[in-house]
Amino acid sequence: MNSPPLLIGKKESFWKRLGKDLKRNKYIYIMLFPVVLYYLIFHYGPMYGVQIAFKDYNITEGIWSSRWIGFDYFMEFFKGFHFWRLIRNTFLINFYELLFAFPAPIILALLLNEFRRMWFKRVVQTVSYLPHFISVVVVVGMLVDFTSLNGLINQFLGMFGVKPIGFLQKSEWFRTLYIGSGIWQGIGWGSIIYLAAMSNINPELYEAAKIDGASRFKQALHVTIPGIAPIIIILLILQIGSMMSVGFEKIILMYNPLTYETADVISTYVYRKGILEASFSFSAAVGLFNSVINLTLLVLANRISAKVSETSLW
């Protein structure tokens, strides 16, 4: 007999609590509103156009009026000549980034954390941060100049009797240049989050380690790394969740038909098919396939991490 009044009371109390929270934190909600609006307009809104992956899209007929063809474009992509090359190149570039680029900021942060001379630490931080603010176009331009036949690298190799190498014209050098330049540009900026995590580690843990006779290396191994392990795991999950995604801007600036064998990835293929060839439905199908694979990898990585380390995104 008393159930309905209790339920009504709970509903009223919820709305009252919500009203009080909105009133108390109104400025926070005002700041949050543009962010929510951005995602609604530029991330959730465009999902309406995903359906063209299943249609023979005609720009004059529009999305709704275009003929429905189901999974035809998906099957065309799976059976295409470029399918396995795109999958291999995309996966290998991401795998090498995970193997070399992902631990680089962690190693730099550990080294910076060991510096006792603050002026030297600040100088190293500033120098390592600066490349992050250089645009991709400028970075690739520098890369082209340094690796040209008359560039700095070939001049240096010539001192040892090595013949000039056309690095950007050889497919076997593309991944090395791409990953190496990415590490140079992002290592300093990527170390910021790890340095911030290190600053929250309880200093008493280091004192206890010193009392036990632990060297600075063992302190880093048994105190610092476990202290930042949750941050490392979270970022690793996000990295795995984008294993089949590579930004096309830098690759488009770097690659050419001579390096397609190792440089052509899914994003550049979508760019060529969708923008240059105006095959909108086909490129949408390829992009949707790529997104589904990334989502699957993200969910699997998160579930494995939750079971193994008890740290996860959700």
Side-chain angles (χ1 to χ4, degrees), residues 73-102 104 131-132 134-187 239 242-291 293-294:
Y73 283 119
F74 291 91
M75 299 307 299
E76 181 182 344
F77 174 61
F78 297 153
K79 296 177 181 179
F81 171 76
H82 301 291
F83 176 74
W84 288 112
R85 185 180 75 178
L86 296 171
I87 297 295
R88 182 185 70 247
N89 291 343
T90 305
F91 176 79
L92 285 177
I93 287 177
N94 279 286
F95 176 75
Y96 291 143
E97 283 193 332
L98 189 65
L99 191 62
F100 298 107
F102 181 78
H132 172 78
I134 303 175
S135 70
V136 176
V137 176
V138 176
V139 170
V140 175
M142 294 168 60
L143 198 62
V144 171
D145 289 337
F146 289 156
T147 59
S148 63
L149 295 177
N150 297 320
L152 182 64
I153 295 177
N154 275 313
Q155 289 183 18
F156 176 77
L157 294 176
M159 296 170 59
F160 300 93
V162 179
K163 294 182 179 180
I165 302 172
F167 291 98
L168 289 177
Q169 282 72 47
K170 292 184 177 294
S171 59
E172 61 268 23
W173 279 101
F174 181 84
R175 292 173 187 149
T176 302
L177 295 173
Y178 182 87
I179 302 298
S181 60
I183 293 175
W184 172 77
Q185 189 176 14
I187 185 172
Q239 182 81 6
S242 59
M243 279 293 289
M244 296 305 294
S245 293
V246 180
F248 67 90
E249 299 92 347
K250 186 177 178 180
I251 292 184
I252 287 177
L253 293 170
M254 287 180 61
Y255 80 164
N256 56 72
L258 296 175
T259 59
Y260 277 179
E261 182 182 351
T262 58
D264 198 20
V265 296
I266 293 176
S267 59
T268 56
Y269 183 70
V270 169
Y271 169 79
R272 292 201 308 274
K273 297 294 289 187
I275 303 299
L276 302 183
E277 300 180 17
S279 182
F280 302 115
S281 293
F282 183 82
S283 59
V286 177
L288 181 59
F289 162 77
N290 194 31
S291 299
I293 296 298
N294 283 328

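Among all heavy-atom pairs drawn from G274 and F280, the shortest one is O-CE2, 3.4 Å. Taking both residues in full, the closest heavy atoms of N294 and M243 are given as OD1-N, 3.7 Å, listed atom of the first, atom of the second, then distance. For S279 against F282, the heavy-atom pair with the smallest separation is OG-CB, 3.1 Å. In terms of heavy atoms, V144 sits closest to L168 at CG2-CD1, 3.5 Å.
Looking at Q185, its side chain does come within 3.5 Å of a backbone N or O of I134 through a donor-acceptor pair. A donor-acceptor contact shorter than 3.5 Å is absent between the side chain of S171 and the backbone of T262.
Rounded to the nearest 0.5 angstrom, F102 CZ and L98 CG are separated by 7.0 Å. Separating the CG atom in N256 from the CZ atom in F174 is a distance of 9.0 Å, to the nearest 0.5 Å. In this structure, F289 CZ and L86 CG are separated by 10.0 Å, a value rounded to the nearest 0.5 Å. Atom CD1 of residue I93 and atom OH of residue Y96 lie 10.0 Å apart, to the nearest 0.5 angstrom. Taking OG of S245 as the start and CG of N290 as the end, the distance is 4.5 Å to the nearest 0.5 Å.
Scored by the ring-ring contact (aromatic ring centres under 6.0 Å, His included) test, W173 finds F167 as partners (sequence neighbours excluded). Applying the side-chain contact (heavy atoms from CB on, under 4.5 Å) rule to I183 yields the partners F100, A101, A104, I179, I187; only residues at least two apart in sequence or on another chain are considered. Shown here are the salt bridge (Lys or Arg N to Asp or Glu O under 4.0 Å) partners of K250, two or more places apart in sequence or in another chain: there are none. In this structure, Q155 has no side-chain contact (heavy atoms from CB on, under 4.5 Å) partners at least two apart in sequence or on a different chain. Judged as a side-chain contact (heavy atoms from CB on, under 4.5 Å), and not counting sequence neighbours, the contacts of T90 are N94, M244, V246, V265, I266. The ring-ring contact (aromatic ring centres under 6.0 Å, His included) test applied to F83 returns F77, F78, not counting sequence neighbours. Annotation: salt bridge (Lys or Arg N to Asp or Glu O under 4.0 Å) contacts of R85 (sequence neighbours excluded): D264. By the ring-ring contact (aromatic ring centres under 6.0 Å, His included) test, F74 pairs with F54, F71, sequence neighbours left out. Not a single side chain to side chain donor-acceptor pair (under 3.5 Å) links D145 to another residue, sequence neighbours left out. For F248, the ring-ring contact (aromatic ring centres under 6.0 Å, His included) partners two or more places apart in sequence, or in a different chain, are Y271. Applying the salt bridge (Lys or Arg N to Asp or Glu O under 4.0 Å) test to E261 and every residue at least two apart in sequence or in another chain returns nothing.
Applying the salt bridge (Lys or Arg N to Asp or Glu O under 4.0 Å) test to every pair with at least one member in residues 156-175, sequence neighbours left out, gives no pairs at all.
For the pair R272 and Y260, the distance from NZ or CZ to the six-membered ring centre is under 6.0 Å and the angle to the ring normal is within 45 degrees.
Contact of the M254 side chain with the L143 side chain is registered, since non-hydrogen atoms from C-beta on lie closer than 4.5 Å.
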